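Just so you know, these numbers come straight off a predicted model, no measurement behind them. Keep in mind that the numbers below use all heavy atoms, side chains included, and drop hydrogens, waters and symmetry copies.
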Protein chains: 2
Amino acid sequence: MTDVISADSCTDRPPVSTASEAPARPAFDIVELLFFAYRDFVRDADEALIAYGFGRAHHRVLHFVDRHPGLRVTELLDILKITKQSLGRVLRELVDKGFVVQREGEADRRQRLLFVTDRGDRLVNELHRLQTRRVAHALSQCSPAAGEAVRRFLFEMIDAEERPKVTALTGSTTGERS
Amino acid sequence: MTDVISADSCTDRPPVSTASEAPARPAFDIVELLFFAYRDFVRDADEALIAYGFGRAHHRVLHFVDRHPGLRVTELLDILKITKQSLGRVLRELVDKGFVVQREGEADRRQRLLFVTDRGDRLVNELHRLQTRRVAHALSQCSPAAGEAVRRFLFEMIDAEERPKVTALTGSTTGERS
DNA sequence: AAATTACGTCAGTCATGTTGACTTAATTCG
DNA sequence: CGAATTAAGTCAACATGACTGACGTAATTT
């Protein structure tokens with residue numbers, strides 16, 4: 001609403017990067033900006049989730065199950081980097097309230113493949129709209145090429161050994177089985 | 001250690017942005033990348049903090065007090081967006097263990113201005129080194145102009161009404177009093 | 001047949017956040 | 001000057017989301 005003109009608050013920033021290649025100084029304020037950006041970024045969804053009795057953890061599960069239908073529990077644990085017990089609680093709540101369903105794997109009947117229900121899909125879309133709106137605004141204030149730069153930067157911020165997994169996840173929406 | 005060549009895992013990413021201006025699709029994977037990037041970004045410091053019996057909350061306090069010596073408690077609360085009670089606990093621990101000191105304000109003796117001790121400075125530098133290393137690596141994989149794009153993007157991700165405050169914080173290291 | 005895997009669950013703990021109520025001391029305002 | 005406000009601290013109770021450790025069960029692999 002109030003983001004029509006935000007030029008004055010971002011043009012008067014000090015020219016921090018004086019040298020062309022030196023990565024010592026620039027990293028300093030990016031660390032801080034990352035904190036502020038993430039702080040506000042997650043708050044959008046957090047507030048919307050209260051109405052459903054859910055928290056951030058539920059959102060993350062919903063998001064990844066929505067984007068990767070048929071996700072296995074083990075895969076989800078590896079994505080979220082949390083313990084089985086932590087996931088167990090939020091997953092049970094999501095299933096109990098009808099936002100996620102579990103189906104037995106066809107090839108391997110031990111697996112409980114995860115899918116969002118219609119209700120789950122509606123919620124995840126609502127949350128997603130909030131977050132993409134913020135990202136879209138931020139991108140709109142940057143150069144057209146900035147989107148790719150940001151994507152590349154964030155990707156390289158990820159642990160080296162995790163990057164191939166992320167590529168596999170974001171690369172294929174269908175979700176391959178091992 | 002293993003980040004010498006990570007080219008293959010980041011060049012084979014799909015060209016998501018086909019249109020030049022449409023911000024609908026690109027935002028999608030940035031949301032996800034932001035999660036992964038932040039997940040790994042904070043883990044660096046989190047693991048180092050265990051040895052001191054501290055957590056992420058202590059790190060945030062240390063960071064902002066270090067960068068803005070003489071910070072008032074009220075200002076810190078507004079930066080962190082947490083309650084007085086939450087801050088109280090971590091601040092007391094930091095003071096008890098000798099990482100932060102509080103000095104009475106000269107102009108206003110109700111204020112308890114915050115400063116890091118030498119010990120606090122050493123810890124914050126250690127943590128900072130971990131985080132800037134990651135950021136510097138990520139920047140090194142991007143074009144020289146990407147740093148400014150990333151900074152701009154992150155800044156615009158912050159709530160509009162918070163941006164002036166962030167500008168004031170990152171702009172002046174000295175920390176002005178009201 | 002034994003070992004491993006996928007998943008679930010019980011029980012206890014910890015870190016970090018929250019509300020609400022209240023105190024103390026210092027400053028500001030009428 | 002006296003009242004109201006502000007800065008900071010504190011007690012208590014509670015919620016969330018994470019953790020460890022120990023087990024159980026069914027299905028698959030070896």
Quick one: A/Arg72 CZ to D/dA27 P, roughly how many Å, whole number? 17 Å

Indicate yes or no: does B/Asp40 engage B/Arg43 in a salt bridge with an N to O separation below 4.0 Å. yes

Under 6.0 Å between the ring centres of A/Phe35 and B/Phe64? yes

How close or far is atom P of D/dA27 from atom CD of A/Glu104, stated in whole angstroms? 7 Å

B/Asp29 and its salt bridge (charged side-chain N to carboxylate O under 4.0 Å, His left out) partner, picked from A/Arg67, A/Arg151, A/Arg152: A/Arg151

Check: A/Arg110 main-chain N/O paired with A/Asp108 side-chain donor or acceptor under 3.5 Å: yes

Hey, is the side chain of B/Arg60 poking within less than 4.0 Å of OP1 or OP2 on C/dG17, counting only N and O atoms? yes

Closer than 4.0 Å, any side-chain N/O of A/Arg112 to the OP1 or OP2 of C/dC7? no

With a 4.0 Å cutoff (strictly under), does any side-chain N or O of B/His58 reach OP1 or OP2 of C/dA15? no

Whichever of A/Asp108 and A/Arg89 has the more 5' nearest nucleotide on DNA chain D, that residue is A/Arg89

From CG of B/Leu113 over to C1' of D/dT6, roughly how many Å is that when rounded to an integer? 15 Å

Would a hydrophobic clustering, with Ile, Leu, Val, Met, Phe, Trp and Tyr connected at side-chain separations under 4.5 Å, put A/Val116 with A/Leu130? no

Atom-to-atom span, CG of A/Leu91 to P of D/dA18 - whole angstrom: 13 Å

Could you tell me whether A/Phe155 and B/Phe36 have their ring centroids closer than 6.0 angstrom? no

May I ask you to evaluate whether A/Arg110 reaches the phosphate of C/dT4, defined as a side-chain N or O under 4.0 Å from OP1 or OP2? no

Write down the distance between CZ (A/Arg109) and C1' (D/dT29), rounded to a whole number of angstrom. 15 Å

Members of residues 47-57 of chain A that approach DNA chain D, where some heavy atom sits under 4.0 Å away: A/Gly55, A/Arg56, A/Ala57

Spacing between A/Leu71 atom CG and C/dC7 atom P, to the nearest angstrom: 9 Å

To the nearest angstrom, how far is B/Glu93 atom CD from C/dC14 atom C1'? 12 Å

If we ignore angles and hydrogens, is there a donor and acceptor under 3.5 Å between the side chains of A/Tyr52 and A/Glu126? yes

Compare every heavy atom of A/His68 with every heavy atom of A/Leu169, then report the nearest pair and how far apart it is. O-CE1, 3.0 Å

Checking A/Glu32 against B/His63: is there a side-chain donor and acceptor pair closer than 3.5 Å? yes

If every non-hydrogen atom of B/Arg119 is compared with every non-hydrogen atom of B/Gly98, which pair is closest and at what distance? CD-O, 3.6 Å

Is A/Gln102 touching bases, backbone alone, or none of the nucleic acid, heavy atoms closer than 4.0 Å? sugar-phosphate

Within residues 76-88 of chain A: residues closer than 4.0 Å to DNA chain C (heavy atoms): A/Lys84, A/Gln85

Under 4.0 Å: is that the gap between some side-chain N or O of B/Arg92 and OP1 or OP2 of D/dT10? yes

When the distance from CG of A/Leu114 to P of C/dG8 is rounded to whole Å, what number comes out? 8 Å

